[in-house]
Every structure is written in C-alpha cells, then in structure tokens.
Amino acid sequence: EAGVAQSPRYKIIEKRQSVAFWCNPISGHATLYWYQQILGQGPKLLIQFQNNGVVDDSQLPKDRFSAERLKGVDSTLKIQPAKLEDSAVYLCASSFNRGRVGYTFGSGTRLTVV
Amino acid sequence: AQSVTQLDSQVPVFEEAPVELRCNYSSSVSVYLFWYVQYPNQGLQLLLKYLSGSTLVESINGFEAEFNKSQTSFHLRKPSVHISDTAEYFCAVSEIRAGNMLTFGGGTRLMVKP
C-alpha cells in the first residue's frame, strides 16, 4: 500500500510569512495526526483528526497555527505568521482508526524560518 | 499525563559491539510502548512495540526490548550492531484508551563506528 504522502519536503520562509503543508494519508485511514519535531527533540503532537473532526488540538498554538481535513482525507496545516521557533520538521501520520495501535508516518516537511 | 525519558542523547559504539538504549516512562495508567527509528532525512519507522503478553519483544533486524513494569522501563538492546544501524531512536508511549496518541522521548542518536 502507498504510504503517507507529504509535501513539500522542504520550505524556507522569512519570519512573519505564512506557509502551508499538505498530507495525504493511507487510503482508508480515518485518523490523522500532525506532529512537530524540533531539531534534537522528539516529535510533539499538534492535532489529531478522526475523519474530518478534531479529536485533540490542545497543543496546537491556535493564535498562529490552523489545520483542517475538510473531506476526511487530505489535510493541510498552516502557520500564519511564522516565527523563528517554528523551524522544525512537520510530520503527518495516519492510522486505520483511533483504536488501532501504532501508525504510519510520512517523511515530513522540513521548515526553516529565517 | 505521561512522559518519556531517554537518558542518553548520544551513544557511540563500535561495529559488532552490543548496545543498550535506555527508556523510562511515567504514567498513572497502563500504557503501550514503542520504539521508532529515524534514518537521516527520513520519517519515523516503527521498530517494535509492546501491547500485552510477553514482556520481551523483538524486531526483524535483531533489536529487542523488554517491558519492565516495576521499573517503568522499556530499554532497547541489540547484541551486535552494524554500521547501518546508525540512526536516531525514539521511545514512545500511548496510554491505553487515550485515542492512540503518542508521547515521545527526546531521542537517542546511535552512532556505529567501524
């Protein structure tokens, strides 16, 4: 089966600009996650979707970050405006459902804010 | 809330030597445990997981991890490492019935030297 697809692979922007990342999960996977991985740290969950509904966004900085999964398939994560500390790898993952343990990660989008 | 501590940020080791990467967690409820591996410029790959049953779990490439409930540990071991094992290793936990959300440790960089 095809894996979790993410684009772009790399993005460099200036602070205060906006940026968007795209994720296409494995076909049939109802649950989708966005993680932020700052260099030298483990990934941190930003938001979890079940189909097109948000399950948990408690760690999403909602003043600048937003995410959507309108049709319950693809998802976009947006940052507006970006700050230097947003430089990180943004990882998308999906699983068949919330009860299915373990999931598949995409290769991530490396964001550099200058 | 759960937390994960990986005690060693870097572990240098010579090829064919044994290695142990340490992981301790804290949680007020029962958890599932995972080890993920991240090769340079790649996404996270599941290495092995403990869900229930035998406390010793193995991966297809020779790694093993043992769940020790009394010590709240899930250390990763390999009796003889290869150059190709050079990567970042992340320990993660998921509280049972917590919607499959993972909490990661800070990672351990395994550096295998010839």
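Chain naming here is simple, since letters A, B, ... match the order of the sequence lines and numbering starts at 1 in each. Quick caveat: nothing in here was measured; it's all calculated off a predicted structure.
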Task: A/Leu39 atom CG, neighbour heavy-atom count above 12 within 6.0 Å - done: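 Not buried by this count: 12 neighbours or fewer within 6.0 Å.
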Open item on the list: Tell me whether A/Ile12 at atom CD1 has more than 12 heavy atoms from other residues, nucleotides or ligands lying less than 6.0 Å away.
Closed with: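 For A/Ile12, atom CD1 is not crowded (no more than 12 foreign heavy atoms under 6.0 Å).
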Should [X] and [Y] be regarded as members of a common hydrophobic cluster, given that ILVMFWY residues are connected when their side-chain heavy atoms come within less than 4.5 Å of each other, either directly or indirectly?
X: A/Val54; Y: A/Leu46; value: yes
X: B/Phe34; Y: B/Val31; value: no
X: B/Ile83; Y: B/Val13; value: yes
X: B/Val4; Y: A/Tyr103; value: no
X: A/Tyr33; Y: B/Phe104; value: yes

Open item on the list: If the contact rule is any heavy atom under 4.5 Å from chain B, which residues of residues 105-114 of chain A qualify, in numerical order?
Closed with: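 Within residues 105-114 of chain A, the residues that come under 4.5 Å of chain B (heavy atoms only) are A/Phe105, A/Gly106, A/Ser107, A/Arg110.
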Open item on the list: Using only non-hydrogen atoms and a strict under-4.5 angstrom cutoff, which residues of residues 105-114 of chain B touch chain A?
Closed with: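 At a heavy-atom separation under 4.5 Å, chain A is reached by B/Gly105, B/Gly106.
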Task: Members of residues 46-70 of chain B whose heavy atoms come closer than 4.5 Å to chain A - done: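 Hits under 4.5 Å: B/Lys49, B/Leu51.
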Task: Inter- and intrachain pairs under disulfide (SG to SG under 2.5 Å), touching residues 63-92 of chain B, at least two apart - done: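 Every pair satisfying disulfide (SG to SG under 2.5 Å) with a residue in residues 63-92 of chain B: B/Cys23-B/Cys91.
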TODO: Sort B/Gln6 into side chain, backbone, both or neither according to what part of it lies under 4.5 angstrom from a heavy atom of chain A.
DONE: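 Neither part.
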Open item on the list: Let's go through B/Leu44 and A/Leu91 carefully: what are the C-alpha distance in whole Å and the side-chain angles of both, what is the deciding distance for side chain to side chain contact (heavy atoms under 4.5 Å, CB included) to 0.1 Å, and is it a yes or a no?
Closed with: CA-CA 9 Å; B/Leu44 291 160; A/Leu91 296 164; 3.8 Å; yes
Task: Minimal non-hydrogen separation, B/Leu102 against A/Tyr35, with atom names - done: N-OH, 3.2 Å
TODO: Determine, step by step, whether B/Phe90 and A/Gln37 satisfy the side chain to side chain contact (heavy atoms under 4.5 Å, CB included) criterion, reporting the C-alpha distance in whole Å, the side-chain angles of both residues, the deciding distance to 0.1 Å, and the verdict.
DONE: CA-CA 12 Å; B/Phe90 293 94; A/Gln37 185 178 16; 3.1 Å; yes
